Amino acid sequence: MTEFSKVYDFHEIEDKIYQKWESSGFFKPEVHPKGKPYCIIMPPPNITGKLHMGHAMFVAIQDLFIRYHRMKGEAVLWLPGTDHASIATQNVVEKEIKKENLTRHDLGREKFLERVWAWVDEYGKIITTQIRKLGASCDWSRERFTMDDRANKAVNHAFTELYRQKLIYKGKYLINWCPRCQTVLADDEVEHAESEAKLYTLSYPIMENGKPGEASISVATVRPETMIGDTAVAVHPDDPRYQDLVGKMAFLPVAEREIPIIADKRVDMEFGTGAVKITPAHDFNDYEIARHHNLPLINILTEEGRIREGMFGAGLDVVQARRKIIKTLRSGGYLSKEVNYSHSVGHCYRCDTTIEPYISTQWFVHTEALAARALQVVADGKIHFIPQRMTKIFNHWMGNLHDWCISRQLWWGHQIPAWYCQDCLEKEKARDAAELDYRVFTIVSDQEPASCPQCGGTRLERDPDTLDTWFSSGLWPFSTLGWPEETPDLKRFFPTQMMETGYDIIFFWVARMVLLSLGLMDDIPFKKVYLHGLVRDAHGEKMSKSKGNVVDPLEIIEEFGADALRLSFLLNVTPGNDIKFSQDKTVGYRNFCNKLWNATRFALFSKKNAFYEELHLLYFDESKLSLPDRWILSRLNQVIAQATRLLDGYRFGEAGTLLYEFVWNDFCDWYLEMSKSLLDSEDWDRRSVTQETILRVLQAVLKMLHPYIPFITEEIWQRIGSKLHMLADYEKSERDLITASWPKANKALINDGLETVFQVWRDSIQKIRNIRSEADLPPSAKPIVTIVFTGDDARYDTFKELEEQMIRLTPLKQVAISREIPQKDDAAIEFVISQIRVFVVFDKQIDRGKEMLRLHAELDDLEVRLGRLAALLANEQFVQNAPAEVVGRERKKMEELLHQKDVIEKQIERIKS
RNA sequence: GGGCGGCUAGCUCAGUUGGUUAGAGCGUCUGCUUGACGUGCAGAAGGUCACAGGUUCGACUCCUGUGCCGCCCACCA
């Protein structure tokens, strides 16, 4: 007999089991070669550091679905990987080398990338180890990295293909520039935050006869330092204040230039002075206006965000320049007003530096056509969001999308597969056009070209820029399956069944996958998008290193086990809602695991009961089942049906709670307690059938809990293997729980009538215990109980059969199940439950005052309910409109309550007398 | 400026077709060496389901509005 420790110790067990699963190949879809394909591509964690709670949660959720579907016999593929996370990782490594007082420029591109690769090696291993610790049943033989050779190939192919489709173009536009990272960012990589500033009013003199005159025009700005880049002043065409000024020139102080006063409908007459300075190279609004009026652009900033050489305040950063220019304007009398003002400022999502709108030449993806298709497939229900409200968020973003800037001036990432022929470039330059036509000298190819296809020249220079990290992530659902090759995996598993990720990356990632999949695969990437919330700390604060409230999942696993941690994310949660992580929850779930362990220990390995001392085959024989057996089997099959339905509806939180309660309440607290006397029976058949019932319930329970708590269920499964073998219908293929089949509800065993009687039976036991407890008597004070049924009440037989159980469980001294009211006993406490009268007699005198209090409390409660019911039933509308079934139920309740009231009142009378 | 979520027992949260006395875990109180589990067992207290209207025979659940907390989006000089 296997040793069964008193307390479940997950240490050692978890790693041992995981190794067995992995080495047996159970994580591969090939375990069910003929199964229906079911695929989830794992969101690849960034290799910026170790895993956090958010990762632990997604592993728990995805593994739950993966294991559930595997048990349903499907060919399940959960494909793991990690993400190079271009900008984030580059920043992390930059910080790392800063400790050695080095910048990436000190090292140079090649050396710097060596350092990053070393980092990738180190953290990649840590991350995959951590994912294993959590019990993830993903197929490591198919593991990928967003910058491995195959991903690289996919990225180059994608870029080339989209370029060929004219969905990718290069151009000079106003973009978001991070002066710290020194790269362009996409719109959604800019985080906006309210910040306090000053709104200055500047006066620009109007030119008169070629000279600045007396009159002036006032403009409001929060960024006075940009005035040296102004190329116009704009007013609303209908603004009566400025009618005569439109078309005139204004004098730009400091820069000492003349700029035109123009009219544009985009100007808000209500704001500030109604006149706005136009700085096209450093403001998105101004850029738009300038384009319409063909105004020149003046770039005043360097890539580091400092004022350019030869300009006012050269070399200063923006804040310093602002101070200096304010001083100058003030002394020149050009500053007429300054007020406090709050406005929204963009920040880099990776380093929080203030973003500068900046003119730059970059690569873009045309999004209009792709976004329209994306909206269409969602509208057609081809992609379904859980929770549904996320659809709106997705749609809103898709519907307001600008072109996607995909080039980055970073070193770490996929280098753009574009080469520039230097010969063609020179020719193009010689043309001396206003703008270079880059297409003339650009070669985009997924292979490095040997020579220019135009001129045959070999002086080719590769674009030094890399791609947005989300570009390669956007290909993830198909690049991981082998695309652009027509691999068997791609054919079999694409489109994937589900994308499970956090709602915080709907735009960054989910949307990009949809766009790129439609563009390159001409198909959706996944059918369902399940979005989980954020894991916060116990007080609802976002976990962050700076706050010091980060909880390390590995520490929790070490202390409470991976199963307990998983339950913390899987029970009592709703899709899309943030969850607060507190250790208290995990403690509770650790206790649940221990409960399950001990239930098994008792049920199958308790020496005293000498279970299974007789080795024999168990043929399921319904006719031999005892009442408790039939009851628990009915409950079990009910639970199987319900849990399956809930899981199919993605409601794993509710399914889990259902299982938790079934195991703890129905199975442990009631059935196993009842089994104790059943197993005492002299009757061999009785014992055997009870053992079989325990075994069958446990078998199904372990199966259903396995997706939630895979380690402990597998461990128990292995330990009870020899018992399971005794089941006549045992399937050899179920030697390992991970690949065992999900249970099917046996409707024939569901018995609603029996469950109802059992409920009344349980309630009556609890009521007796309650009376005992209220009378301040210990459990050892066992009463004598008489339970009286009316003449033809069929429940009599059930109670009769459960007599011994009742004595044992309540516990009682003795019980009489009767059809007749017992002889009058003044000491008897009576209650009515579902038309059954129960008389309880303790041999100890009970406190009359206490008893009166109890009775009055009950009476008060009854009065309230009776009042409510009477009003309800007196309402003709209710009687007429409510379904007969509901009315009937209420009437019955009324009768019952009246009866209870009567009984209580009589007792009160009796005690009084 | 637009949109979304939360507001249910002291705390953390469940609650999808509107219909018993609104549930769980933790915490609290009382009792228990009941043949597996004190990481346990038994019992109890604790809620006008944020507020105000409306629809309905009936609303935690549907509609409208309000308040507080939080989030997302937006080219607010």
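Worth saying up front: this structure is predicted, and the values here are computed from it rather than measured. In what follows, every chain begins at residue 1, and chains take the letters A, B, ... in the order their sequences are listed.
Looking at heavy-atom distances under 4.0 Å, Val7(A) makes contact with a base. Looking at heavy-atom distances under 4.0 Å, Tyr8(A) makes no contact with the nucleic acid at all. Pro883(A) comes within 4.0 angstrom of a nucleotide base, judged by non-hydrogen atoms across all strands. Across all strands shown, Asp268(A) has heavy atoms under 4.0 Å from base atoms, whether or not it also approaches the sugar-phosphate. Residue contacts shown for Arg865(A) include a base, since a base heavy atom lies under 4.0 Å away. Contact annotation for Thr221(A): backbone-only contact, meaning every heavy-atom pair under 4.0 Å involves sugar-phosphate atoms and none involves a base.
Checking Gln759(A) against Asp763(A) by side-chain atom types alone, a donor-acceptor pair falls below 3.5 Å. With hydrogens and angles left out, the side-chain atoms of Tyr349(A) and Glu191(A) include no donor and acceptor closer than 3.5 Å.
Contact annotation: Trp664(A) reaches the phosphate of C41(B) (side-chain N/O to OP1 or OP2, under 4.0 Å). When the side-chain nitrogen and oxygen atoms of Thr574(A) are compared with OP1 and OP2 of A14(B), one or more of them lie within a distance under 4.0 Å. The phosphate of G40(B) (OP1 or OP2) has no side-chain N or O of Lys6(A) nearer than 4.0 angstrom. Contact annotation: Asn875(A) does not reach the phosphate of G58(B) (side-chain N/O to OP1 or OP2, under 4.0 Å). Regarding contacts with the backbone of C37(B), every side-chain N or O of Lys595(A) stays at 4.0 angstrom or more from both OP1 and OP2. Contact between the side-chain N/O atoms of Asn881(A) and the OP1/OP2 oxygens of C57(B) is found at a separation under 4.0 Å.
Taking only distance into account, the side chain of Glu673(A) meets the base of A36(B) through a donor-acceptor pair shorter than 3.5 Å. One cannot find a donor-acceptor pair under 3.5 Å joining the base of U20(B) and the side-chain atoms of Arg889(A). Judged by distance alone, with hydrogens and angles left aside, Glu194(A) brings a side-chain donor or acceptor within reach of the base of C76(B), the pair sitting under 3.5 Å. For C75(B), its base sits under 3.5 Å from the side chain of Asn285(A) at one donor and acceptor pair at least. Side chain Arg651(A) to base U16(B): a donor-acceptor pair is found below 3.5 Å.
Using atom C1' as the reference point in both U21(B) and U17(B), the two lie 23 Å apart (nearest Å).
A salt bridge links Glu890(A) and Lys893(A); the closest N-O separation between the charged side-chain nitrogens and carboxylate oxygens is under 4.0 Å.
Ring orientation note: the planes of Trp597(A) and Tyr8(A) are tilted relative to one another, at an angle of 30° to 60°.
Under the Watson-Crick or G-U wobble criterion, with both distances below 3.5 Å, G47(B) is left unpaired in every strand shown. Judged by Watson-Crick or G-U wobble contacts below 3.5 Å, the nucleotide G58(B) has no partner. Within the shown strands, nothing qualifies as a pairing partner of A14(B) under the Watson-Crick or G-U definition with both distances less than 3.5 Å. The partner of G31(B), taking Watson-Crick or G-U wobble pairs whose two distances both stay under 3.5 Å, is C41(B). Using N1 to N3 plus N6-O4 or O6-N4 for Watson-Crick, or N1-O2 and O6-N3 for G-U wobble, each under 3.5 Å, G53(B) pairs with C63(B).
With the nearest nucleotide of RNA chain B identified for both Thr810(A) and Lys580(A), Lys580(A) has the one nearer the 5' end.
Under the 4.5 Å side-chain criterion, counting only non-hydrogen atoms from C-beta, Leu859(A) is in contact with Glu863(A).
Relative to the six-membered ring of Phe602(A), Lys676(A) meets both conditions, a distance below 6.0 Å and an angle of at most 45° to the axis.
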